[in-house]
Amino acid sequence: MLITKADAQSLDRQDVFAPLRAAFEMPPSVIYLDGNSLGPLQVSTRRHVAEVVARQWGEGLIRSWNTYDWIDLPTKVAGKIERLIGAPHGTVAVCDSTSINIFKVLAAALHARPSRRVIVSERNNFPTDLHIAQGLIDLLADGYELRTVDANDLPGAIRDDTAVVLLTEVNYRTGRKLDMARMTRLAHASGALMIWDLAHSAGAFKVDLMAADADFAVGCGYKFLNGGPGAPAYVYAAPRHIQDFKQPLAGWFGHAAPFSFVDDFTPSPSIQRMQVGTPPILSLAALDSALDIFAGVDLVALRAKADRLFDIFSSIVVPECPDLELVTPRDPELRGSQIAFRFGEAYAAMQALIARDVIGDFRTPDIMRFGLTPLYLSHEDVWRAAHILVEVMRDRLWDRADYKIRAKVV
Ligand SMILES: *Cc1c(COP(=O)(O)O)cnc(C)c1O
């Protein structure tokens, strides 16, 4: 089906999310298809952070831990994330990075399955997930093994030697989405625990950790949640684990009473046990403010718009660009909120797009990736971006030496 510019504009006129676009600060010429990598700044977040810096830090100084309740800011932010991932009150902590939180929950899961020695994960999982698992195995030096297989082979790889299964729901390259409930059932049927990485899930569509019966989960504050570069991450433990999970980074903020300043570590009985050190208040303030936009958002409707954006982009690009191989599943049930293509000159083609103010990103070795983020993308934006990509491909606009020089960050 050919979608015309008028069709896209007509969809924009009926779009319930259209008014939210004004909440975001974005250069008017830019079409931002990289909100799955770094979400954009909101006007209210810029103001709030400036206020926290000037008044709370500048004037309040150390008093602000109490007067502005900095001490409970991680818990407040956690409450806003719980709603997005189907987590009951008191099961999410906001702290550290996704990488560090993976370390904590992997160690907690291995501790809970002391007779088992295998961590199962997916080949081509996000590298940090695999690196952290390998680093923990090396540290433990106790016969542990990381078993990685292709997604299709996961059922056979999860066996009675498996302590924990660590999976990312949406693959960062292809956008392919795993069946969270089914994989969790498979893990549990083998007696293993299940950890989900929600980096490309939370804020993009409805996640229901309780319904899936996940044991632990982690995720990112700076992608679909728009918390700012390096925003604090979050970590979930199922209610049945809250009382007794053991995570090895025992720091004073995970203590039952941090300000009693005692030598012995008594873990907090709550999810706050995931905390390690002093929370980064400025970053938390940004994430806190950024999450407010989700309060009025119906995640099912949000996802429905992302599906329309996918259809617009794919229906223009796929027939017009035979050199681009669509690697994202077409079935909405099987994908996250992005569209990705394989192309030998993917890096140069992405540079050509960025030079034309269409910002997506490149993932090695040959993937062009475009995030579909309905809070601030219009149907017309996506229609225009698709046509600019068609032009770049048809006229080989990517074929320039300067587009082939790799930057440090891609
Ligand atoms: C982005 C991403 C991370 C990032 O981890 P950091 O510790 O924040 O750098 C982890 N896992 C997945 C699947 C990601 O996509």
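Atoms within each ligand, like the ligands themselves, are counted from 1 in listed order.
- Residues Cys95 and Val235 approach most closely at SG-CG1, 4.0 Å, considering heavy atoms.
- Those atoms of ligand 1 that come under 4.0 Å of a heavy atom in Ser97, given as number and element, are 7 (O).
- Screening residues 29-46 for salt bridge (Lys or Arg N to Asp or Glu O under 4.0 Å) gives Glu25-Arg46 as the qualifying pairs, with residues at least two apart or on separate chains.
- Arg335 has a carboxylate O that lies under 4.0 Å from a charged side-chain N of Asp307, or vice versa, which qualifies the two as a salt bridge.
- Taking the ring centre of Phe126 as origin, the terminal cationic atom of Lys223 falls inside the region bounded by 6.0 Å and 45° from the ring axis.
- Remark: minimum distance from atom 5 (O) of ligand 1 to any protein heavy atom is reached at Thr98 CB, 3.5 Å.
- The contact set between ligand 1 and Thr168, taken as ligand atoms under 4.0 Å from a residue heavy atom, comprises 13 (C).
- Trp252 and Phe265 have their aromatic ring centers separated by at least 6.0 angstrom.
- Here the protein heavy atom with the shortest distance to atom 2 (C) of ligand 1 is Lys223 NZ, 2.3 Å.
- Within a 6.0 Å radius of NZ in Lys404, other residues, nucleotides and ligands contribute more than 12 heavy atoms.
- Remark: minimum distance from atom 4 (C) of ligand 1 to any protein heavy atom is reached at Tyr222 OH, 3.2 Å.
- Within the 4.0 Å heavy-atom criterion, the part of Asp129 lying near ligand 1 is the side chain and not the backbone.
- Between Phe216 and His241, the distance from one ring center to the other falls under 6.0 angstrom.
- Protein heavy atom in closest approach to atom 7 (O) of ligand 1: Ser99 OG, 2.6 Å.
- Every atom of ligand 1 with a heavy atom of Asp197 under 4.0 Å away is listed here by number and element: 10 (C), 11 (N), 12 (C), 13 (C).
- Applying the 4.0 Å criterion to heavy atoms of Ala199 picks out, from ligand 1, the atoms 2 (C), 12 (C), 13 (C), 14 (C), 15 (O).
- Contact atoms of ligand 1 toward His200: 15 (O) (distance under 4.0 Å to a heavy atom of the residue).
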